Structure formats: structure tokens, C-alpha cells
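Everything on this sheet refers to the single structure shown next.
As the structure is a computational prediction, the values presented were derived from the model and not from experiment.
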Amino acid sequence: MKNKKRLLFVLTSIIIVIFLSLGKVLELYFFSDDYTALYDLFNNLTFISPFYQGVIRFFYEPIYHYFGLRAEPYFMVALFIHFIASIGVYFFVSELAKDKLIGFFSSLIFSTGYIGIEAFLITYNGAADNLSVCLTSLTLFFFLRFLEEKNNKKKIFLYVTAMAIFTLGLYVIPYRAFSLIIFLLTLYFILTINNLLKQKPLLWLIKVFLRMGPFIVIYLRTGLVKHGSAPLSVLLKNFSSEEIFVPFSVIGNMVFSQEFLLNIKNHFGFYLTNTQIGIIFLIILSIIILAGRKLFPRLAIALFLTTLFIFEGILGFYILVPSFFSGQIENRYLVLSSFAYASTISLAWVLLIKILFRHFGIKSLTAKLLTISFLPLLIIFTFANLSSTYLNNNVIDKGKLPRKFFQELKAYVPEIKEKSLFYFDQANYFPGLYLYGSILMASTLPPEVNIAVHYQIPISRVKIVRKFEDIVEAINNKEIDFDN
């Protein structure tokens, strides 16, 4: 009964944090990649790469069937997946640290959604990125349980479950699960390396082969290695010394945003770069790990693991999309690293407080609980406010404006005939250019797809021009019928 009440409290807390942080998501409208996905739905999944079809087939297709172009259900699914991912973070970190309070704080920090919040602007990314965290955390949770379980029957069940979730992740969201095998291998080697000293090396290697071999084979069969080898070769070809500091810069941005550092500079004349902040942060984590490795070995190992996970999450996506990796804390490619960062912050703070309380002989449980709760709660409130503010700033141009635009367009033009042309007089300066992109931008397909989706017609029947002379040219080239 006590465990049920605790779990209910955790779930309720996560829901409240998500509502306060991300409630504005439901006021957004389709944007960018969403139109490519929606267009793909009424064309039998023929336009999108197989690396993207899993989420569309499992989540978008039934929603599209029942709700059509109502945006709210799509965003609700993204929030629901984020909720499940937060639960996954709670269970994994609680098991890794053997401390449910740390798991609780980690899940709440993650549930604010601030790191990688850009993903929620696009329903597809909101679902896919959070599903990657969900399946990663659950895979790691069941595999961790497998490593520590003594009962053979339970071990088999846990191993098969971990492999099933791992496989599901690779086939549903392969692009987002690119780093999953690295996470899994890191977890295994860090937690079993001591066995190498107790067993014969050959026996240890045989266990590694038998336990990790199936995961590696499944990973290789998805084609992800081949998919990532091309951008990796380009990255290595153009590699410079600056590339080494990218992960440190990204981590530094997670700790303190660029805007915060600039405010400090303006008020106090003191400035550190994100790279310097990242390096200092990792030095502090190293000191805490070394100080706690004998007093609290489980927490020290857990902290070391989650710190590695941050790096692996960053590097995985940096290999795939180096040209799009700005490193800003809102960047959607940081969602996978965000659960590792949330866990690292919670672990580091709790381990530090326990070390200090042990050193100074403080035994008051109330004082320990209040002190331990201070920093995580401060981060939760800060991130929740930042998430809400970020979304509120995007509600008009990525919610109300495009929704009204397409409603009025449908009213003025109830149907589209063959080879119809749309002329939009667009300003080539801010905010006109920015707002135009918010309405008519579709990522991998031309902007005509945004209109084609709302009229349920082939993209070939729509042409958009932004200059008057392009209208004349289109008519002269017979790209469009004059009557249309």
C-alpha cells in the first residue's frame, strides 16, 4: 500500500509539472516536418524515409483516421509519450541509484521538458524524441534489473523484455535510437568491470559475447551503422580542434544558458564561455565522484554512468546532424541527453549533501531532506517557468496564426482545381519572412505540401509563387491554367 501511494504521488507530481510547463503545447498548430508526415499518410507512406515511418505508422495513422487535421490530439499524444518517458526515467534512475528520491527529482526535472523543448513545436518530433527517452530508459531499466537479479527465471524474463524494448526502439524510431546501443554497452561494462578482476578474462569475454551479442546483431541489422557512417566520415574529414569542445559547450549551455552568462557579464563584468562552464561542471562532478566512491559507491557509479550518458547522447546526434547542432539548450537533438542531465544533477547534488553531512556528522533527517530537496526543486521551478515562457512566445506564430490562416484560406478557396497557383506577397525582412516560414515551411518537401495537406490533394496540383513576375512565367510555361 505504501509503494502504491508513493507511485501515485510520483505520477501526480509528474502530471502537474507537465501541465504547468508544457500546457501551452496544446495551443500550437502543425509546423515543418508535420506536413511531410501528414502528406505521407494519405499517400501510403511513400515519401518519408523508413527511418521516420515508425512513429507515423504507430501514432499518427490512427489519430489521422479519427481526427483528421485537428492538431490538438497529435500534441496530446506527444505530451502523453513525454509523461511515459518521465515515468521511465523515474524507474531507471531509482533502480540505478537505489534511491527513489533521486529518481523522483530526476523525473520531475526531465518532465519540465525545457532541455530540447524545441521538439514540441513539431508534433512528430515531440513524439519521436520523447519516445526515444521512453524506450531508452525502459531498456536500461530492465537490463539493469537483469544484471542484478539472482533468480534465473526472472533473469530470462528481464533479458527478453529488455531486448524486446530495445528492438522496438530501433524499428519504431531508429534515427532517434542511434545512441541506444552505446548506452547499453556503457551500462554493462561499467557495472561488470569488477568481475573481470574476479573471473578468468576468457570467461568474462564469453559472458560479454553471450549477453551483448544479440543486442549488437539486432542493431547492425537495422542499418543504423551504415546510416551514420556517411555523416561521420564527413565530420572526420572536416575535423578540427574546435570539434573536441562541442560536447563541453553543449553541457555548459545546459548548466547556464548563453543569455544568463551575458547578463552576468553586463552586471558584474565577469564572463565565462559555455565551453569553460562545461569543463568546470565536469571537474566538479569528477571531484564529487572521487569523494563519494568509498562512502557511497553505488551513487558514485550511478553518477559516473549518467555523466557518460550525457556525452553519448550529444555525440550520437552530433555524428548524425553536425550541421544542425547549434548546442542551444532548446535544441530538439538534446532531448535524449536531457534525461541523463536531469539524473546527473540529482545524483551529484544528493551525493554531495550526503558526503558533507557524513563529514560534519549531521544526523538530522529533516535537515538532510530539506537540503537535498533545495537544488532539484529550484531547477524544477526554473525550468518549468522557462518552458512555459518559451511556448507562450511561440503560441501566436506557430499556433494561432497558421490555424487562422488555413481556416480563412479554406473559406476563400473551398476547393482546388488542377494546377492551381497561389501568390503570396511576402516581405523579405523580419517579421514577415519569419511568419511566412511558420505557415508555409515543410522541411523535406516544398511549401506547396502545406496547402496540399489541407485540401487532401497531390502536391503536383499546387504551385506557390512569391513574386508577381513568377505568375507570368508560370502561365507562359503552361505550369498553370489562366482560369485558376
Parallel, tilted or perpendicular: which describes the rings of [X] and [Y], with under 30° parallel and over 60° perpendicular?
X	Y	value
Phe383	Tyr114	tilted
Tyr159	Phe143	tilted
Phe374	Trp349	tilted
Tyr35	Phe30	perpendicular
Tyr341	Phe281	tilted
Phe142	Phe157	perpendicular

Inset, instruction - Rounded to the nearest 0.5 Å, what's the gap from CG on Leu347 to CG on Asp99? Could you check? - result: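 Leu347 atom CG to Asp99 atom CG measures 8.5 Å (nearest 0.5 Å).
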Inset, instruction - Kindly say whether the aromatic ring centers of Phe339 and Phe110 come within a distance under 6.0 Å. - result: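 No, ring centres 6.0 Å or more apart.
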Legend entry - Phe248 and Phe311 aromatic centres sub-6.0 Å: yes
Inset, instruction - Go through the steps to decide whether Asp34 and Lys398 satisfy the test salt bridge (charged side-chain N to carboxylate O under 4.0 Å, His left out), and finish with yes or no. - result: CA-CA 12 Å; Asp34 287 333; Lys398 292 187 176 63; over 6 Å; no
Inset, instruction - Determine, stepwise, if the pair Glu95 / Lys98 fulfils salt bridge (charged side-chain N to carboxylate O under 4.0 Å, His left out). - result: CA-CA 5 Å; Glu95 184 66 25; Lys98 297 297 182 185; 2.7 Å; yes
Inset, instruction - Answer yes or no: are there more than 12 heavy-atom neighbours, outside Phe304 itself, under 6.0 Å from its atom CZ? - result: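 Atom CZ in Phe304 is not crowded, with 12 or fewer foreign heavy atoms closer than 6.0 Å.
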Legend entry - Residue pair Leu386, Ile117: steps toward the side-chain contact (heavy atoms from CB on, under 4.5 Å) verdict: CA-CA 10 Å; Leu386 290 170; Ile117 193 172; over 6 Å; no
